[in-house]
Asks: 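After the structure tokens below, expect a handful of questions from me.
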Amino acid sequence: MADKKLLLIDGNSVAFRAFYALYRQLESFKNPEGLHTNAIYAFKNMLDVLLKDVKPTHVLVAFDAGKVTFRNKMYDDYKGGRQKTPEELLEQLPYIQEMLHDLGIKTYELKNYEADDIIGTFVNLGEKADFKVTVVTGDRDLTQLTSNKTTVMVTKHGVSDLEAYTPEHMKKINGVTPTEFIDMKALMGDNSDNYPGVTKIGPKTASNLIQKYGSIENLYDHIDDMKKSKRKENLIKDKDKAFLAKKLATIDRNAPVTIGLKDVKCKPVDYKKLRQFYEQMNFRKFLGELNASGEGQDGAEVEKVKYTELDQSNAKKISVKENDTVSFYLGMLGDNYHLADFVGFALKINEQVYVSRDVSLLQENNLKHLLEDAEINKNVFDLKRTTVGLNRIDVHAHGLNYDMLLASYLINNENNSNDVGEVCHLYGDYSVKTDLEVYGKGKSEHVPSDDKVLYSHLASKVVAIEKLKPLLLKKLKEHEQDDLFENIEIPTARVLSTMEISGIKVEASTLIQLQNEFAVRLKELEDKIYQQAGERFNLNSPKQLGHILFDKLGLPPLKKTKTGYSTSVEVLNQLRNQSPIVGEILDYRQIAKIQSTYVKGLLDVIQPDGRVHTRYLQTLTATGRLSSVDPNLQNIPTRTDEGKQIRKAFVPTEKDGYILSCDYSQIELRVLSQISGDEHMQEAFNTGYDIHSHTAMKIFHLDSPKDVTSLMRRRAKTVNFGIVYGISDYGLSKRLNISRKQAKEFIAEYFTQYPQVKDYMDKAVQVARDKGYAETIMHRRRYLPDIHSKNHNVRAFAERTAINSPIQGSAADIIKIAMINMQKKLDELHLKTKMVIQVHDELIFDVPKDELETVKKIVPEVMQSAVKLDVPLVADTGWGHNWYDAK
DNA sequence: CCTCTCACG
DNA sequence: ACGTACGTGAGAGGG
């Protein structure tokens, strides 16, 4: 039988990895009895992944029986000096075994033998019985068991990331076969198991020697042929050690196990015991999964949501009274709600839940009114998605005053999700399945045909939105985020709905003209490049390009990536003067990028109304900025002349109208001057100096702005940006192409001139350490658990983030306020002008001709007065008949 | 599906 | 001794 699959797990090793994967949460993973549960939890998570991927018919989890094994007889100090397993992990091991038994999985240990040997023995048994075998461990030693029938999976980071060792992969990593790997270890020894190999031989040399000789036996047979060398002496001196090490490293494949393959066949899960176990461990997630599947209920009925299906006649009878509690959920299949198919809806009024697949029922007068009346408060999940979706059936939603998605994003944006089910799970409610579970994904994504399945799903969502509302509101209050929620995020979502619905007009004809021009230039460049390369190749493939440049043409490879030569702009720029091909490749790259991403990309997303409708993701970024997708309108080229041409296709709705753009000047530095309270920097902004020249004067000790050269200003500008990002001398030196020493001096000088900026940076890091998060002026949070990391790089990154997030995030808060005020102003003045794009510090408007005078005045006014700071906010305005001319 | 490269603030 | 500025999205290649 070909589908016999044996999964062998190294219990101790995996438990060890599981324990450290959730080490940071060690203290939060405790059951009421005080037992730590992090390793048990992570073990189960990992097991689920394995069972799903491998789909084994037989499973065995092997454990070490005790400290002393047959290997200690050979070598006293085997595994000596090894750190003791932490008590917090030891106490969990029996429970992991108990859980495995409840899951119908066999565990086994054997006196005098390690788990490795049990696994080796079962690999042997399994292969003989024609099983496909998978071994899972955190220990690379076991990779010696790899064969064409056996794959060894080794945990990489945490537990869910596994590296699969096949004989081919072994060869690639170590240069040797699985069997030869044992001989390799014989020469190099094993530090973690505390036995030595041959002096001065590490992995590289060991691999080379074994590749040459095949085994240590053969090596020592030919040792006399070896040239005289220190290495040869060492090999001779340590011969005994090598042979001992080989014995120690060899996994026993014939251990005297007392069980066989038939004993490790998967048994049915004992749901009743498993449920009790999860309850004892306080595993709400796994209990929730049991609830969702209805298993192990022990007679108790799963609490099913009751609902009424709506149709043409009973839908008309629905009405709401004052003070009724209303929640609404609109189901659509897929992310892009501008186009996605409707799945149905659920409406909850007090304790009644109504559902239907037919969204046209919402166009009935009573239901339409219910959704459109601003006086009727409605709870939803994803206000913007709901508003845009309803707009497609001509229902113009108002009164969506509570959005669970926005609330959960503000409370913790670390593991936020756009799925109702997933968000509910974060708050311990497992009554809602995820859309992934119900609809599937990729090719098999579909709406369930069974009404019961679909309606229960939709109904469970509205119920949960409402049920969890008090909890989320409480958390917002605790975080002092109620104002941020009510007065910034919710109104921003409404403004964004309007912007997304209106979209922006993009002229296909302009793009097609560009497409033709670029096609000609690309062809010319291609021809020149191929001619110099002496062959045709795929210019878009970094791999092939690297081969041509560095292997064939012999240019010096300055930088490598994980997979080969780097061919990035940074590298190519340094090679420019070595060959004309380099400059041509750079030109080709630039134009090809514009052609594929922008010209073609935009043409593909122009809708029948002649406009593109992006989606702004309001709950994605870690800092509070928006992001834009389908298409991304926040990265339309501006830095090169060819790229800029794209902006000519973005035009006003009315032929003689204008595109008006208004952007904040140095908003992040102004925010920095505000939150640091630095007097010198504030003074610069208050007197209206050019901030980069001002910084240049300060760090170069000049008396007059006249003495600032353009080079000095440019350098000062880079320093200013660097400060905002949490500068390092190395980073600055690289960007300015100066020595590290000099960069260090610039930074030091900067800090003496702006001392409170330095104080801010130190304080920001300290606050993040104390509180565990960084915060903006408006109390937007970003959690930074890595601030306590033992890894220097990880920690340093968190520290820079702690400095940058309040700055970037506060600027994001400010422009959101400006957008809300701006939309309000446009509405009040009954202007036809539409706000169409936001690019982080810039707002773009579609302005009819006769409104230009008004709009060009009010836009900067509104933006500059969004918040009151100790320094002025400045916004610069430009306009023209397309986006290109609006600068 | 991941990596590389490159577009933006 | 370490490896290095913050935040994003998209297209193309290649396994």
Side-chain angles (χ1 to χ4, degrees), chain A residues 161 168 413 442 537-546 559-572 585-586 588-602 604-605 614-617 620-640 642-644 646-647 663-664 666-668 672 718-736 740 743 747 761 764 774 782 789-809 811-812 815 837-843:
Chain A
D161 191 5
E168 295 74 42
N413 61 22
F537 62 98
N538 189 341
L539 257 168
N540 294 319
S541 160
K543 193 178 161 193
Q544 295 183 32
L545 180 61
K559 206 176 135 195
K560 276 205 247 171
T561 65
K562 274 179 227 161
T563 50
Y565 304 119
S566 169
T567 64
S568 64
V569 197
E570 194 196 337
V571 171
L572 296 189
I585 289 166
L586 283 164
Y588 175 89
R589 275 257 181 90
Q590 199 226 326
I591 296 172
K593 168 84 180 176
I594 294 163
Q595 184 78 311
S596 67
T597 307
Y598 298 101
V599 179
K600 187 177 167 301
L602 280 171
D604 287 347
V605 292
T614 186
R615 278 148 41 230
Y616 290 102
L617 306 186
L620 182 139
T621 68
T623 54
R625 274 190 178 182
L626 302 177
S627 84
S628 159
V629 291
D630 271 350
N632 181 356
L633 295 183
Q634 293 180 320
N635 72 344
I636 302 300
T638 184
R639 290 172 192 174
T640 68
E642 287 91 347
K644 255 190 192 166
I646 299 292
R647 295 184 173 225
D663 68 303
Y664 280 116
Q666 271 103 34
I667 188 165
E668 292 196 348
L672 173 61
T718 307
V719 177
N720 275 330
F721 273 105
I723 293 291
V724 170
Y725 297 145
I727 203 156
S728 73
D729 50 8
Y730 175 86
L732 186 66
S733 73
K734 215 167 80 173
R735 266 168 188 75
L736 286 180
R740 199 163 158 171
I747 295 168
M761 293 173 75
R782 177 176 187 177
S789 171
K790 285 186 195 146
N791 181 317
H792 171 271
N793 293 323
V794 173
R795 191 177 60 248
F797 185 66
E799 289 170 357
R800 291 195 296 271
T801 314
I803 293 166
N804 175 264
S805 294
I807 303 173
Q808 194 183 114
I815 197 164
I837 301 177
Q838 187 251 44
V839 196
H840 309 307
D841 64 355
E842 178 185 11
L843 295 176

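Chain letters run A, B, ... following the sequence lines, proteins first and then strands; every chain starts at 1.
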Asks: Where the side chain of A:P637 is concerned, which of B:dT5, C:dG9, B:dC8 is the nearest nucleotide?
Replies: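 Minimum distance to the A:P637 side chain belongs to B:dC8.
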Asks: Side chain of A:T621: nearest nucleotide among B:dA7, C:dT4, C:dG7?
Replies: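 Side chain of A:T621 sits closest to C:dG7.
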Asks: For A:V839, answer base if it contacts any base atom (sugar-phosphate contacts may also be present), sugar-phosphate if it contacts only those atoms, and nothing otherwise; contact means non-hydrogen atoms under 4.0 Å.
Replies: sugar-phosphate
Asks: Reckon A:R800 has a side-chain N or O less than 4.0 Å from the OP1 or OP2 of C:dT4?
Replies: no
Asks: Between C:dG7, C:dC2, C:dG11, which nucleotide gets closest to the side-chain atoms of A:T597?
Replies: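 Within the option list, the nearest is C:dG11.
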Asks: I'd like to know if the side chain of A:R647 and the backbone of A:I636 have a donor-acceptor N/O pair within less than 3.5 Å.
Replies: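 Pair found, side chain donor or acceptor close to backbone of A:I636.
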Asks: Less than 4.0 angstrom between a side-chain N/O of A:S627 and OP1 or OP2 of C:dG7, yes or no?
Replies: no
Asks: How many whole angstroms separate atom CD1 of A:I667 from atom C1' of C:dC6?
Replies: 16 Å
Asks: Starting from P on B:dC6, measure out to CD1 on A:I646 and report it in whole angstrom.
Replies: 17 Å
Asks: When you measure from the side chain of A:S733 to the backbone N and O of A:A743, does any donor-acceptor pair fall under 3.5 Å?
Replies: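 Judged by distance alone, no pair lies under 3.5 Å.
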Asks: May I ask you to evaluate whether A:Q595 reaches the phosphate of C:dG11, defined as a side-chain N or O under 4.0 Å from OP1 or OP2?
Replies: no
Asks: Which nucleotide in the set C:dC6, C:dA12, C:dG9 lies at the smallest distance from any side-chain heavy atom of A:S596?
Replies: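 Out of C:dC6, C:dA12, C:dG9, the nucleotide with an atom closest to A:S596's side chain is C:dA12.
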Asks: Any donor-acceptor pair, under 3.5 Å, between the side chain of A:Q634 and the base of B:dC8, if you only look at N and O atoms?
Replies: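 Counting by modelled atom types and ignoring angles, no donor-acceptor contact under 3.5 Å is found here.
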Asks: Write down the atom of A:E842, the atom of A:I815, and the distance for their closest heavy-atom approach.
Replies: N-CD1, 3.5 Å
Asks: Does A:S733 reach a base, just sugar-phosphate, or nothing at all? Heavy atoms under 4.0 Å.
Replies: nothing
Asks: Identify which nucleotide among C:dG3, C:dA10, C:dA5 has an atom closest to any side-chain atom of A:N793, counting heavy atoms from C-beta outward.
Replies: C:dG3
Asks: Output yes when at least one side-chain N/O atom of A:K543 is less than 4.0 Å from OP1 or OP2 of C:dG15, else no.
Replies: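 The answer is yes; a side-chain N or O of A:K543 sits under 4.0 Å from OP1 or OP2.
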Asks: Rounded to whole Å, please give me the gap between CD in A:Q808 and P in B:dC8.
Replies: 17 Å
Asks: Could one point to a donor on the side chain of A:R740 or the base of C:dT4 with an acceptor on the other under 3.5 Å away?
Replies: yes
Asks: In terms of side-chain heavy atoms of A:T801, which of B:dG9, C:dG9, C:dG7 is nearest?
Replies: C:dG7
Asks: Give the nucleotide from the list B:dA7, B:dT5, C:dA10 with an atom nearest to the side chain of A:P542.
Replies: B:dT5
Asks: Using the P atom as the reference point in each nucleotide, state the distance between C:dT4 and B:dC4 in Å, no decimals.
Replies: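 The answer is 13 Å between these two P atoms.
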Asks: Need one value for A:L620: base, sugar-phosphate or nothing, where a base atom within 4.0 Å counts as base even if backbone is also close, heavy atoms only.
Replies: sugar-phosphate
Asks: So what does A:I803 touch, heavy atoms closer than 4.0 Å: a base, only the sugar-phosphate, or nothing?
Replies: nothing
Asks: Using modelled atom types and a 3.5 Å cut-off, is there a donor and acceptor pairing between side-chain atoms of A:R800 and backbone atoms of A:I727?
Replies: no
Asks: Does any donor-acceptor pair link the side chain of A:N635 with the base of B:dA7 at a separation under 3.5 Å?
Replies: yes
Asks: Base, sugar-phosphate or nothing for A:A622? Non-hydrogen atoms, less than 4.0 Å.
Replies: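 Sugar-phosphate: the residue A:A622, judged by heavy atoms under 4.0 Å, touches backbone atoms but no base.
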Asks: Rounded to the Å, how far apart are A:L572 CG and B:dT5 P?
Replies: 9 Å
Asks: Looking only at atom P, what distance separates B:dA7 and C:dG3, rounded to whole Å?
Replies: 29 Å
Asks: Looking at B:dT5, C:dG9, C:dG7, which one has an atom nearest to any side-chain atom of A:R782?
Replies: C:dG7
Asks: So how far is it from A:I646 CD1 to A:Y598 OH, rounded to the nearest 0.5 Å?
Replies: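 A:I646 atom CD1 to A:Y598 atom OH measures 8.5 Å (nearest 0.5 Å).
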Asks: Within less than 4.0 Å of OP1 or OP2 of C:dG13, is there a side-chain N or O belonging to A:N538?
Replies: yes
Asks: Could you state the atom-to-atom distance from CD of A:Q544 to P of B:dT3 in whole Å?
Replies: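 Atom CD in A:Q544 sits about 20 Å away from atom P in B:dT3.
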Asks: Just by distance, no angles: are the side chains of A:S805 and A:R782 close enough, under 3.5 Å, to form a donor-acceptor pair?
Replies: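 Yes, because at least one side-chain N or O of A:S805 sits under 3.5 Å from a partner of the opposite role on A:R782.
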Asks: Donor-acceptor pair, distance only, cut-off 3.5 Å: does the side chain of A:T614 make one with the backbone of A:V629?
Replies: yes
Asks: In whole angstroms, how far is the P atom of C:dG11 from the CD atom of A:Q590?
Replies: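 From A:Q590 CD to C:dG11 P: 18 Å.
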Asks: Does the B:dA7 base have a donor-acceptor partner in the side chain of A:R639 within less than 3.5 Å?
Replies: no
Asks: Should C:dA1 form a Watson-Crick or G-U wobble pair with both distances under 3.5 Å, which nucleotide is its partner?
Replies: none
Asks: Look at atom CZ of A:F537 and say whether more than 12 heavy atoms of other residues, nucleotides or ligands are closer to it than 6.0 Å.
Replies: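 Atom CZ in A:F537 is crowded, with more than 12 foreign heavy atoms closer than 6.0 Å.
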Asks: For a quick test of reading the model: is some side-chain N or O of A:S541 closer than 4.0 Å to OP1 or OP2 of C:dG14?
Replies: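 Yes, A:S541 has a side-chain N/O under 4.0 Å of OP1/OP2 on C:dG14.
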Asks: Taking the minimum atom-to-atom distance to the side chain of A:H840, which one of C:dG9, C:dG7, B:dA7 wins?
Replies: C:dG7
Asks: Would you indicate, yes or no, if C:dG7 has its OP1 or OP2 atom less than 4.0 angstrom from a side-chain nitrogen or oxygen of A:R625?
Replies: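 So the side chain of A:R625 is outside the cut-off, no N or O lying under 4.0 Å from OP1 or OP2 of C:dG7.
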Asks: Rounded to the nearest angstrom, tell me the gap between atom CZ in A:R589 and atom C1' in B:dC4.
Replies: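 Atom-to-atom, A:R589 to B:dC4, this comes out as 9 Å.
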Asks: Using atom CG of A:L539 as one end and atom P of C:dA12 as the other, report the distance to the nearest whole Å.
Replies: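 Taking CG of A:L539 and P of C:dA12, I get 14 Å after rounding.
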Asks: Answer with base, sugar-phosphate or nothing: what part of the nucleic acid does A:D630 contact at a heavy-atom distance below 4.0 Å?
Replies: sugar-phosphate
Asks: At 4.0 Å (heavy atoms only), tell me whether A:S628 reaches a base, stays on the sugar-phosphate, or touches nothing.
Replies: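 The residue A:S628 makes sugar-phosphate contact but no base contact.
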